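One structure is given below, encoded as structure tokens.
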Amino acid sequence: MIQTVVKRDGRIVGFNEQKIQAAIRKAMLHTDKGEDDSLIQQVSDRISLKGDSQMTVEAIQDQVELELMKSKRKDVAKEYIAYRHRRSIARKAKTREIFLDIVNVKRNDITRENANMNADTPAGMMMKFASETTKPFVDDYLLSESSREAVENNYLHIHDKDYYPTKSLTCVQHPLDNIVNCGFIAGHGASRPAKRIETASVLACISMECAQNEMHGGQAIPAFDFYLAPFVRMSFKEEVKSLEELTGQDLSDMYDEPLIDYLKQPLGKLEGRERLLQQAINKTVGRVHQAMEAFIHNMNTIHSRGGNQVVFSSINYGTDTSAEGRCIMRELLLSTYDGVGGGETAIFPIQIWKKKRGVNYLPGDPNYDLYQLACKVTARRFFPNFLNLDATFNHDDAWRPDDPKRYLHEVATMGCRTRVYENRFGPKTSIGRGNLSFSTINIVRLAIECMQEPDQQKRIDLFMAKLDNVLEITARQLDERFQFQKTALVKQFPLLMHSLWIGAEKLKPEDTIESVINQGTLGVGFIGLAECLVALTGKHHGESQESQELGLKIVTYMRDRINEFSERYHHNYSVLATPAEGLAGKFTKRDRKDFGIIRGVTDRDYYTNSNHVPVYYKCPARHKAEVEAPYHALTGGGHIFYVEIDGDATHNPQVIMSVVDMMDQLNMGYGSVNHNRNRCMDCGYEDATQGLKQCPKCGSTHIDRLQRITGYLVGTTDRWNAGKLAELNDRVTHVDGAVQQELFADTDE
């Protein structure tokens, strides 16, 4: 007698003869004679009684075929066998179609799933072949039935599902001091500790490039200024020693010379020791500038992941007030402003300015001048973005302005928006931690399913019940993935689990990573709050206060349930305002197929990212900020705020500062500004001319519009998928003409 069944994913479950009966009934419905309840019962009884105590799904299906063939209903057996065969053929046909699209370099949502990846190169094609082959394996063998059904029915999206079998984690904030001060082993060679700024900047690149091959998400450095600052002084000492050799003088008293700043100055009127000191400073600044220039160049040209994708990299900085830290930031910003290669905007690393009152935000703050420079650079190059350390949810009581390691108590973020800070199992910090994995709920579909209920309150209640059910499934799915990830061995991640992940230094190569990975987070994301609200109330949160109140109620409920899941499963669950790229159109396409075109809901090729006001909704920047701001405190897994401005921002850094002011006033966590930037795809020339058709430098008509896709830039929109291209074309500006009036419209300030 059958007692247990081994499913395709390897799980062992109790035997349920009703599943056999349901399968036979489906086959009968496709025959002329129809159903026969007695035969259904007879076949299921024989199989359950004659079978072994434990059988596989395939073995049971084989027995069903044999029993039906022995019965009088050969027509049912034929239909049952044909159905199994059709399922097999369908799987193979789908794979063949996808592979041919990759082979023939077709532009579609499969080959343009990730705009940072060139899927047309041989290495890119290999990655897509592997990716599309792996996903069905995950569905069949690694997902539980409830998770698989949620995915199949378009309620849930499991991010980076193709990396699921590798047990890899999503992202990490690099404790770069471990790398530059101790060195590390990568591949067959060991890197020695750095002794000068050039080496330190190269090790920063190598650290992120090596870790990228061990993870499926991004790499970030949480305190770029603090980590590299000591090597400015080391390089300065080298320059002083060179002057000693040149002049024959003992200049050792200069080695630790107190310096307010490292600023290049002409030597013409200087003499003696003062001239030599300035000479050393000038040489040091030149070296730091070249090191920062090389760092940016390397992060945009050295490929990771099989040679088809540069590292998805981010760096956080802004709060080191030392002369050396200021030198790092200044030269980094100046190099960014100049651009790379032919002067084009650097796509990576995503740069993030950590804004802090008393440090770098107000006139009189020690780094205020660098903040002004950062705004100037953003006005031309999109980066840096701005992270608000003064937001209430980003505050840490342990932070002290005189603490040389205060960066340990500063939140850092991934450029796309992922935030890791709170920690139930260790110190409250971003450093040495990251996201383990995340999944996104299609709240729009849940709302569409409730639209037939005429009473609005009952409609909302029904939606909340559906949301609660999918939240349960999502939390369970993320825990299941965690249980799989934790079985990985330390030796599978030679850099991550040796020098980067918090607590990993205690582990041995043959140990599992179980004891340390719970320091990371599991993200429960959502997409399409605007469309969800339209389905429930008729208006989105940007156009209705009632809808805004409901939106906040929905996301607050998610946050509260996630906190409950954290207690139940003993994980760092968090709510993520999902940075949807391929997902933006994927959910919509299926929902439109199932429910048709619904005005304001499925009538575009994408759903609005997370809690944003729709990109097509024209409103002042201030209004957009006031609507989106409250969601930042609810989405501890990450969030972002954007303002779209019209025309050339290069000569108007004040608009950037005004946006940061809004973030400060409204308690927002992270944000930036989008503006116009043209790029010649032949020579790299860039400018902000509206509607540029021909490059004034080389005459090419191959002009692309440089834009942000989710949190990062893409050098060409040729790699954008259909949904994100549709979103780009729908974007409207929030700041036109008189910037200040527009920014602060609808306010008493």
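The structure displayed is predicted, hence computed values, not measured ones. Every heavy atom of this structure was used, including side-chain atoms; hydrogens, water molecules and symmetry mates were not.
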Report task. Give the C-alpha distance, both sets of side-chain angles, the deciding distance and a yes or no for side chain to side chain donor-acceptor pair (under 3.5 Å) between T537 and E546. Result -> CA-CA 8 Å; T537 71; E546 178 190 17; 5.6 Å; no

Requested in this report: Could you check H157 against S439 for side chain to side chain donor-acceptor pair (under 3.5 Å), going step by step and ending with a plain yes or no?
Outcome: CA-CA 6 Å; H157 177 79; S439 298; over 6 Å; no

**Report entry** Test log, rule side chain to side chain donor-acceptor pair (under 3.5 Å), inputs Q548 and Y631
**Finding:** CA-CA 10 Å; Q548 167 72 339; Y631 295 95; 2.9 Å; yes

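Shown here for A629 and M668, the closest heavy-atom pair between the two residues is CB-CG, 3.6 Å. Closest heavy-atom contact between V172 and Q219: CG1-OE1, 3.4 Å. Taking each heavy atom of L467 and L446 in turn, the nearest pair found is CA-CD1, 3.7 Å. Pairing each heavy atom of C532 with each of A447, the nearest pair is O-CB, 3.6 Å.
Between the side chains of D461 and Q457, at least one donor N or O sits under 3.5 Å from an acceptor N or O. S144 and E480 form a side-chain donor-acceptor contact under 3.5 Å, judged by distance and modelled atom types alone. Of the N and O atoms on the side chains of D591 and T602, not one donor lies less than 3.5 Å from an acceptor on the other residue. In this model, a donor atom of one side chain and an acceptor atom of the other lie less than 3.5 Å apart for R419 and N394. Between the side chains of N572 and E422, no donor-acceptor pair of N or O atoms lies under 3.5 Å.
Within the 4.5 Å cutoff, the side chain of P384 has heavy atoms near those of the Y317 side chain. Under the 4.5 Å side-chain criterion, counting only non-hydrogen atoms from C-beta, L634 is not in contact with N611.
Under a 4.0 Å N-O distance rule, the pair D139/K161 qualifies as a salt bridge. R561 has a carboxylate O that lies under 4.0 Å from a charged side-chain N of E564, or vice versa, which qualifies the two as a salt bridge.
F393 meets the ring-ring contact (aromatic ring centres under 6.0 Å, His included) test with H639; sequence neighbours excluded. Scanning for side-chain hydrogen bond (donor to acceptor under 3.5 Å, both in side chains) contacts around D664 gives K355, R357, with sequence neighbours left out.
Between F482 and H571, the gap from one ring centroid to the other is short of 6.0 Å.
The ring-ring contact (aromatic ring centres under 6.0 Å, His included) analysis of residues 434-468, with sequence neighbours excluded, yields the pairs H159-F438.
E543 places a side-chain N or O within donor-acceptor distance of the main-chain N or O of H540, the cut-off being under 3.5 Å.
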